[in-house]
Q: 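Supplied in structure tokens, the structure appears directly below.
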Amino acid sequence: MTLSLGPIDLAIIALYMAIVVTLGVIMKRRAERSLGSYFLGERELPWWALAMSGSSSYFDITGTMWIVGLFFTIGLRGMWVQWIWGFPITVFYMAYMGAWIRRSKVMTGAEWMETRFGSGKPGEWARLAYTIYAVLTITAFLAYGSVGMGKFGNVYLGLPEWLCAVAIIGVTGVYVVLGGFRGVVLVEIFQTVVLSAGALLIAYIGFRHVSWDAVIANRPEGWGSMAPQWRIGYLQGTEYYFFGLLALVWVTKGLLLDLSGPEQLYDFQRFLAARSPREASKLGALWGVIHTIRWPMAMAIAAMAIVGLHGVDDPEKVLPMVLSRALPVGLRGLAVAALLSGFLATFNSTVNGGSSYLVKDIFHKYLRPDASNRTLIRASWVSSALLIVLGLLVGYFPELMRAAFHNLAPALAKMGGRTIDQMFTWIMGTLGAGVLLPNVLRWYWWRVNGTGYAAGAISGMALSLIQALVPPFAKAPLFVTFPLIAGAVLVITATVTLLTKPTDEETLVRFYREVQPAGFWGPVVRRVQELDPEFRRHSPFTMDVTNVLVGLPCLLAMYVAPIYLVLHRYDIAAGLLAVVLYTGLVLYMTWYKRLSETCPQDGTEERKGEDPKT
């Protein structure tokens, strides 16, 4: 089934695309000032703009199609699956991680490695390992986004998958390549407005078309419960049957990811671009709040499919199929524009973030250290274009992937475009497991060094690829592969670290004074106090942890309440909103009112009177 768009719909979509490209071209001249302007907007962008940009980049159409498919098949328990990508990470950004990142004062996450591990060989190895991981992950995410865009275009726009991808990505690639980070943020502010309007409209239409009784009557028993179970009968025969084991993996992986800092590698860019650590913390909070609109929209689409859509053979196509029937002419164009905003926001951030790694951490670092500003900007254009082409090739030529790898690597053939769920699970659950523990240790354990980090990260990536390339492992469930890979990487990282020299004292002291991390930093803290007895951390880590513990139920209730509202469960929605109000007031007292103390404007000045121990 394809959707016929009327002249009004096409006019709305054309106007949207014209505005997007125009904004990017306008930003071209400012992006050419310097590499810092191209990738960080010269750190002049306001925190609310960065928050809108970050939130919209999370609201990708592929992920939304995946969430709708989960709600359609699994039910409300689909929220547990979201832990795999650490969806409450914005709470950690708000409480302390955003400020830690901004205090690093670098341009990319890979460059951060030398700030943490020094500029010698160990630091270079860590930086190179992280760059390889960044390029691999970003390529995988571009392919993942391409598959979603193809499914969306095939049903909703009536175009072949590859043609939809080439047309949309080709046009928007113009402003991504030319406009740089400032262009990305400016366009994503516009996209956030369009996306929010479209999401709220869809949620309202869903609210008007469904009821709790009608939805439950068309779903298996237990669909409406959010309580986890070890096994779920109506999911027998699917990869979600052993739900309890998977939920343990999802939550564990999500919490570790939240502790490790950004794994969606363009997240680093948002916080490094903030004007100060204080604004980095504020943008983390707003980022999470804006993202609320995604959940009621996804449930509204799933619920409308349940009560009015029959014969669905691909749950990941539920989203465009529902909207093709539920919306009248005119509103369809707005819906398409809104959903394109979600896809393009993620696509833009991924390309710009990936380009920063290729240029700053490979081209400038190893190939042309003496390159002029003009040369670096042109290299940024080329690298962005290459990433776009690579994303198209991997995502929209699945036949080539399956033909080349079907016998050798069934899992890699899946990466060629079988399902969104398979791709996302591999990226976040398997590939993510390969670097998860090294990324956690770099913040909280002073002893981990560049050699240990590089050994762990490279080993993790190798194990993840082995899992994809070796047929017996390719079929193993996530609750088997994740602990095996994460455990092996932890052992390798710790062993290599303890067998090699620690990071030099000067680097550790400077890193601790500037970034002020927490955890097992005792020897470094004592050395800092010897050098400067009056040094104090800006905020005790116990208070940061308290804000996390209060912020988690606040954010989770904020996301789930509108889901129940769409389903007409006003009693549950009201209770959850009460949780949001109460925890929000607590955070106002414990976090917001203390920002001027915990995050001085320059992020480096030292206060007196607080215990530096954590």
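Please read these numbers as outputs of a predicted model, since none were measured by experiment.
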Q: Quick one: ring-ring contact (aromatic ring centres under 6.0 Å, His included) partners of W591, sequence neighbours excluded?
A: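 W591 satisfies ring-ring contact (aromatic ring centres under 6.0 Å, His included) with no residue once adjacent residues are dropped.
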
Q: Compute the centroid of each ring, for W66 and then for F71, and state whether the two points are separated by less than 6.0 Å.
A: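 No, they do not, as the ring centres are separated by 6.0 Å or more.
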
Q: Kindly indicate, with the supporting measurements, whether the criterion side chain to side chain donor-acceptor pair (under 3.5 Å) is fulfilled by T64 and R294.
A: CA-CA 8 Å; T64 304; R294 183 183 203 180; 3.3 Å; yes

Q: Would you please name every residue forming a ring-ring contact (aromatic ring centres under 6.0 Å, His included) with F511, sequence neighbours left out?
A: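 Expected list: W112, W521.
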
Q: Listed by chain and number, what are the side-chain contact (heavy atoms from CB on, under 4.5 Å) partners of V580, not counting sequence neighbours?
A: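 side-chain contact (heavy atoms from CB on, under 4.5 Å) check on V580 returns C554, A557, M558.
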
Q: Does the side chain to side chain contact (heavy atoms under 4.5 Å, CB included) test come out yes or no for M428 and F141, once each step is laid out?
A: CA-CA 10 Å; M428 298 303 297; F141 268 118; 3.5 Å; yes

Q: Would you call E114-K365 a salt bridge at under 4.0 Å N-O?
A: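 Salt bridge: yes.
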
Q: Does the side chain of S596 come under 3.5 Å of the side chain of R278 through a donor N or O and an acceptor N or O?
A: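 No donor-acceptor contact under 3.5 Å links the two side chains.
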
Q: Identify, with sequence neighbours excluded, every residue that meets salt bridge (charged side-chain N to carboxylate O under 4.0 Å, His left out) alongside R116.
A: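 Checked R116 against salt bridge (charged side-chain N to carboxylate O under 4.0 Å, His left out); zero matches.
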
Q: Would I67 and V81 count as a side chain to side chain contact (heavy atoms under 4.5 Å, CB included) here? Give the steps.
A: CA-CA 9 Å; I67 293 170; V81 190; over 6 Å; no

Q: Any donor-acceptor pair under 3.5 Å linking the side chain of E279 with the backbone of P46?
A: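 Checking the backbone N and O of P46 against the side chain of E279, no donor-acceptor pair under 3.5 Å is found.
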
Q: Check whether R102 reaches the backbone of A273 with its side chain - one donor and one acceptor, N or O, closer than 3.5 Å.
A: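 No, because the side chain of R102 does not come within donor-acceptor range (under 3.5 Å) of the backbone of A273.
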
Q: Taking C-beta and beyond as the side chain, do Y564 and L576 meet within less than 4.5 Å on heavy atoms?
A: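 Result yes, sub-4.5 Å side-chain heavy-atom pair found.
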
Q: Just to verify, what does S119 make a side chain to side chain donor-acceptor pair (under 3.5 Å) with, not counting sequence neighbours?
A: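 S119 satisfies side chain to side chain donor-acceptor pair (under 3.5 Å) with no other residue.
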
Q: With a 4.5 Å limit on heavy-atom distance, are the side chains of M94 and Y592 in contact?
A: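 M94 vs Y592: side chains apart.
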
Q: Between M79 and I563, is the side chain to side chain contact (heavy atoms under 4.5 Å, CB included) condition met? List the steps.
A: CA-CA 10 Å; M79 286 301 294; I563 291 177; 3.8 Å; yes

Q: For S55 and A51, indicate whether the former's side chain and the latter's backbone hold a donor-acceptor pair under 3.5 Å.
A: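 Between the backbone of A51 and the side chain of S55 there is no qualifying donor-acceptor contact (under 3.5 Å).
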
Q: Which residues pass the side chain to side chain donor-acceptor pair (under 3.5 Å) test with T583, not counting sequence neighbours?
A: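 None.
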
Q: Can a donor-acceptor pair be found, under 3.5 Å and without considering hydrogens, that links the side chain of K282 to the backbone of L595?
A: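 Side chain of K282 to backbone of L595: no pair is present.
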
Q: Can you sort out the partners of R510 under salt bridge (charged side-chain N to carboxylate O under 4.0 Å, His left out), two or more places apart, ordered by chain and number?
A: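 R510 satisfies salt bridge (charged side-chain N to carboxylate O under 4.0 Å, His left out) with E506 only.
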
Q: Taking side chain to side chain donor-acceptor pair (under 3.5 Å) as the definition, give me every residue that meets it alongside W100, ordered by chain and number, with sequence neighbours left out.
A: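 Side chain to side chain donor-acceptor pair (under 3.5 Å) list for W100, sorted by chain: empty.
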
Q: With sequence neighbours left out, write down each residue that passes side chain to side chain donor-acceptor pair (under 3.5 Å) with Y444, or none if nothing qualifies.
A: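 So Y444 forms a side chain to side chain donor-acceptor pair (under 3.5 Å) with Y96.
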
Q: Among all residues two or more places apart in sequence or in another chain, which pass the ring-ring contact (aromatic ring centres under 6.0 Å, His included) test with Y582?
A: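 Partners of Y582 by the ring-ring contact (aromatic ring centres under 6.0 Å, His included) criterion come out as none, since no residue qualifies.
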
Q: Using 30° and 60° as the class limits, which term best fits the ring planes of Y453 and F117: parallel, tilted or perpendicular?
A: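 Tilted.
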
Q: Show every side chain to side chain donor-acceptor pair (under 3.5 Å) that has at least one partner inside residues 546-562, sequence neighbours left out.
A: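 Non-adjacent pairs meeting side chain to side chain donor-acceptor pair (under 3.5 Å): N547-T590.
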
Q: Before you tell me yes or no, could you show the steps for L508 and V528 under side chain to side chain contact (heavy atoms under 4.5 Å, CB included), namely the whole-Å CA-CA distance, both residues' side-chain angles and the distance that decides it to 0.1 Å?
A: CA-CA 9 Å; L508 290 173; V528 170; over 6 Å; no

Q: Stepwise, does the side chain to side chain donor-acceptor pair (under 3.5 Å) test hold for Y130 with N439?
A: CA-CA 10 Å; Y130 193 83; N439 280 345; 5.3 Å; no

Q: Applying side-chain contact (heavy atoms from CB on, under 4.5 Å), can you list everything that pairs with L490, at least two apart in sequence or on another chain?
A: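 Partners of L490 by the side-chain contact (heavy atoms from CB on, under 4.5 Å) criterion, ordered by chain and then number, come out as L437, L441.
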
Q: Looking only at the aromatic ring of each residue, does the gap between the centers of F520 and W446 stay below 6.0 angstrom?
A: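 Between F520 and W446, which both carry aromatic rings, the centre distance is not below 6.0 Å.
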
